[in-house]
2 protein chains.
Amino acid sequence: MEDSKGRLKSCGLKNTRQRREIIGILEQSGRPVSAEGIFFGLREQGETVSLSTVYRVLELLIEKKAVRRLSTVEECGALFELDDKHRHYLVCLGCHRMFPLDDCPLKSYEKELTDKTGFDVTGHSLEIYGYCRDCRGKRKG
Amino acid sequence: MEDSKGRLKSCGLKNTRQRREIIGILEQSGRPVSAEGIFFGLREQGETVSLSTVYRVLELLIEKKAVRRLSTVEECGALFELDDKHRHYLVCLGCHRMFPLDDCPLKSYEKELTDKTGFDVTGHSLEIYGYCRDCRGKRKG
DNA sequence: ATGCAAATGCAAATTATTCGCATTTGGAAT
DNA sequence: ATTCCAAATGCGAATAATTTGCATTTGCAT
């Protein structure tokens, strides 16, 4: 089991109080947190780290793959579409185009979940990431 | 097949030029668009609708379930978590708590997709929405 | 044709995030 | 242990995305 200091070392990052504490919050929380959540979480513990540092450290940790950001799609603000039929997309990380999928791989899974968890499942959001044919080529070249 | 005027009527909404045009863009586009995308899309067609109207109309159409917003989770800015192991959440629409799922229902599906589509799949984001036990009770009462 | 609630535009306010720059600090080299 | 410097931080200002207040306009029921 890795502690915050260990995580920093394995990322090859300088070991600073702020970074240790931000990672600490992420570890304690056990579920996704917002930048503000981290900022105020630290406040409550009597620690103080500026909000810009929170953002910068998160960015850095994402680069190092020690942290992930939920739902990567929304790069330029929220996205909207007609709510006609249920639909998901293949999102290209190269050109950012979105290709609709033929069908939803989760139809049966939702029912299963409702039964298993007692959670009343009403929907889901799913995007698949990767590189489209065009961008796949460009990456190699 | 419904046109923008028809959609507005079935939502019980007043039929205004701006609304027709915003819906028009959503129909034409065939994939998710940002508010700005709609705004400038209209500009290009020589139509003009203020950006605040775009936002207001989208909001309204979402309420009426004629439009959906991609990835509903991020209500208070981006969310971050440790990137230790692959994980998804059941997100409660009542209390906004997030409950981690035991496992990912898409493991095999990704490979299948890579083969089928020629898209180089590198990952996905998935959240399941609904109401947790607590909130399910409260909704009925 | 008329009237009014609802819709719109505009500009200002908020919120989320990023950036520039002066100051501080971790840790490699001594 | 001390020195040094690139890298990290804090602060406040800048930017981007979204919301809101208010005066004006407009659908549509009458």
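Nothing here was measured: the structure is a model prediction, and the numbers come from that model. By convention in this document, chain letters (A, B, ...) are assigned in the order of the sequence lines, proteins followed by strands, and residues within each chain are numbered from 1.
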Enumerate the salt bridge (charged side-chain N to carboxylate O under 4.0 Å, His left out) contacts for [range], please, sequence neighbours excluded, ordered by first and then second residue.
range: residues 78-90 of chain B; answer: Arg68(A)-Glu81(B), Arg68(A)-Asp83(B), Glu81(B)-Arg87(B), Asp84(B)-Arg87(B)
range: residues 103-113 of chain A; answer: Glu112(A)-Lys116(A)
range: residues 5-17 of chain B; answer: Arg7(B)-Glu27(B), Arg17(B)-Glu21(B)

According to salt bridge (Lys or Arg N to Asp or Glu O under 4.0 Å), who are the partners of Arg69(B), at least two apart in sequence or on a separate chain?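 Residues passing salt bridge (Lys or Arg N to Asp or Glu O under 4.0 Å) with Arg69(B): Glu59(B).
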Name the first nucleotide and the last nucleotide along DNA chain D (5' to 3') that come under 4.0 Å of a heavy atom in chain A. dA7(D) to dT18(D)
Along nucleotides 9-20 of chain C, 5' to 3', which nucleotides get a B, which get an S, and which get a -, given that the test is a protein heavy-atom distance under 4.0 Å? BBB----SBBBB
Would you mind listing every ring-ring contact (aromatic ring centres under 6.0 Å, His included) that reaches into residues 32-87 of chain B, with sequence neighbours excluded? His86(B)-His88(B), His86(B)-His124(B)
Identify all stems in which DNA chain D takes part, counting only runs of at least 3 consecutive pairs (Watson-Crick or G-U wobble, each distance under 3.5 Å), and give each as one range with another, ordered by first number.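 Runs of three or more consecutive pairs: C:1-30 with D:1-30.
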Taking only residues two or more places apart in sequence or in another chain, which ones pass side chain to side chain donor-acceptor pair (under 3.5 Å) with [X]?
X: Glu63(A); result: none
X: Arg20(A); result: Asn15(A)
X: Thr53(B); result: Ser50(B)

For the hydrophobic clusters of this structure (ILVMFWY residues joined by side-chain heavy atoms under 4.5 Å, transitively), does one cluster hold both Leu93(A) and Leu79(A)? yes
Using a cutoff of under 3.5 Å, can you pull out all pairs of nitrogen or oxygen atoms linking the protein to nucleotides 28-30 of chain C, with atom names and distances?
none

To the nearest 0.5 Å, how far apart are CD in Gln18(B) and OG1 in Thr48(B)?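 If we round to the nearest 0.5 Å, Gln18(B):CD and Thr48(B):OG1 are 8.5 Å apart.
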So Glu36(B) and Val54(B), do their side chains get closer than 4.5 Å, heavy atoms only?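 Side chain of Val54(B) against side chain of Glu36(B), heavy atoms only: no contact under 4.5 Å found.
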Gly118(B) backbone acceptor or donor facing Arg136(A) side chain under 3.5 Å: yes
